[in-house]
Amino acid sequence: MKIIKNDQLLKEYMESELYTNYFSEDFAAEPKLVEYEAGEYVFVQEDIPQYLYLMVEGRCSVRMLLANGKSIILHTMKAP
């Protein structure tokens, strides 16, 4: 996970229709831009998410770990 410290880019995303369709101004208290590398986990099974996420670029998969150690893809998502 890499936190992007680009205030101009953050402002552009927060003023975009993508952001305003999902969040009200109440969510603007401490927004962060975060980039994940391919294959990196946002969070894992049984972890409690610490943040509310909005994917603005890219895609991700929701996977479930099976008892035999394998994983299956439950859903694949891409940014709107």
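For this chain, numbers begin at 1 and follow the sequence in order. Keep in mind it's a predicted model, so treat the numbers as computed, not measured.
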Distance-only donor-acceptor pairs under 3.5 Å for side chains of residues 6-13, two or more places apart:
residue, atom, partner, partner atom, Å
Asn6, OD1, Gln8, N, 3.2
Asn6, OD1, Leu9, N, 3.0
Gln8, NE2, Glu12, OE2, 3.3
Tyr13, OH, Glu57, OE2, 2.6

Practice problem: Decide whether Val56 and Tyr53 are clustered together by the hydrophobic rule: side chain heavy atoms of Ile, Leu, Val, Met, Phe, Trp, Tyr closer than 4.5 Å, transitively. | Solution: no
Quiz item: How is the hydrophobic cluster of Ile48 composed, in terms of its other members, when Ile, Leu, Val, Met, Phe, Trp and Tyr link through side-chain heavy atoms under 4.5 Å apart, directly or indirectly?
Solution: none
Quiz item: Atom CD1 of Ile4 and atom CD of Glu35: how far apart are they, to the nearest 0.5 Å?
Solution: 4.5 Å
Indicate every side-chain donor-acceptor pair of residues 65-80 with a distance under 3.5 Å to a residue at least two apart or in another chain.
residue, atom, partner, partner atom, Å
Asn68, OD1, Lys70, N, 3.0

Quiz item: Does atom CD of Glu17 have more than 12 heavy-atom neighbours from other groups under 6.0 Å away?
Solution: no
Self-check item: Other residues, nucleotides, ligands: >12 heavy atoms within 6.0 Å of Tyr51 OH
Solution: no
Practice problem: Give the minimum heavy-atom separation between Leu18 and Met55, together with the two atoms involved. | Solution: CD2-O, 4.4 Å
Practice problem: Write down the atom of Met14, the atom of Thr20, and the distance for their closest heavy-atom approach. | Solution: O-CG2, 3.8 Å
Can you give me every donor-acceptor pair (side chain of residues 37-44, partner residue at least two apart or in another chain, under 3.5 Å) with its distance?
residue, atom, partner, partner atom, Å
Glu40, OE1, Met1, N, 3.1
Glu40, OE1, Glu37, N, 2.9
Glu40, OE2, Met1, N, 2.1

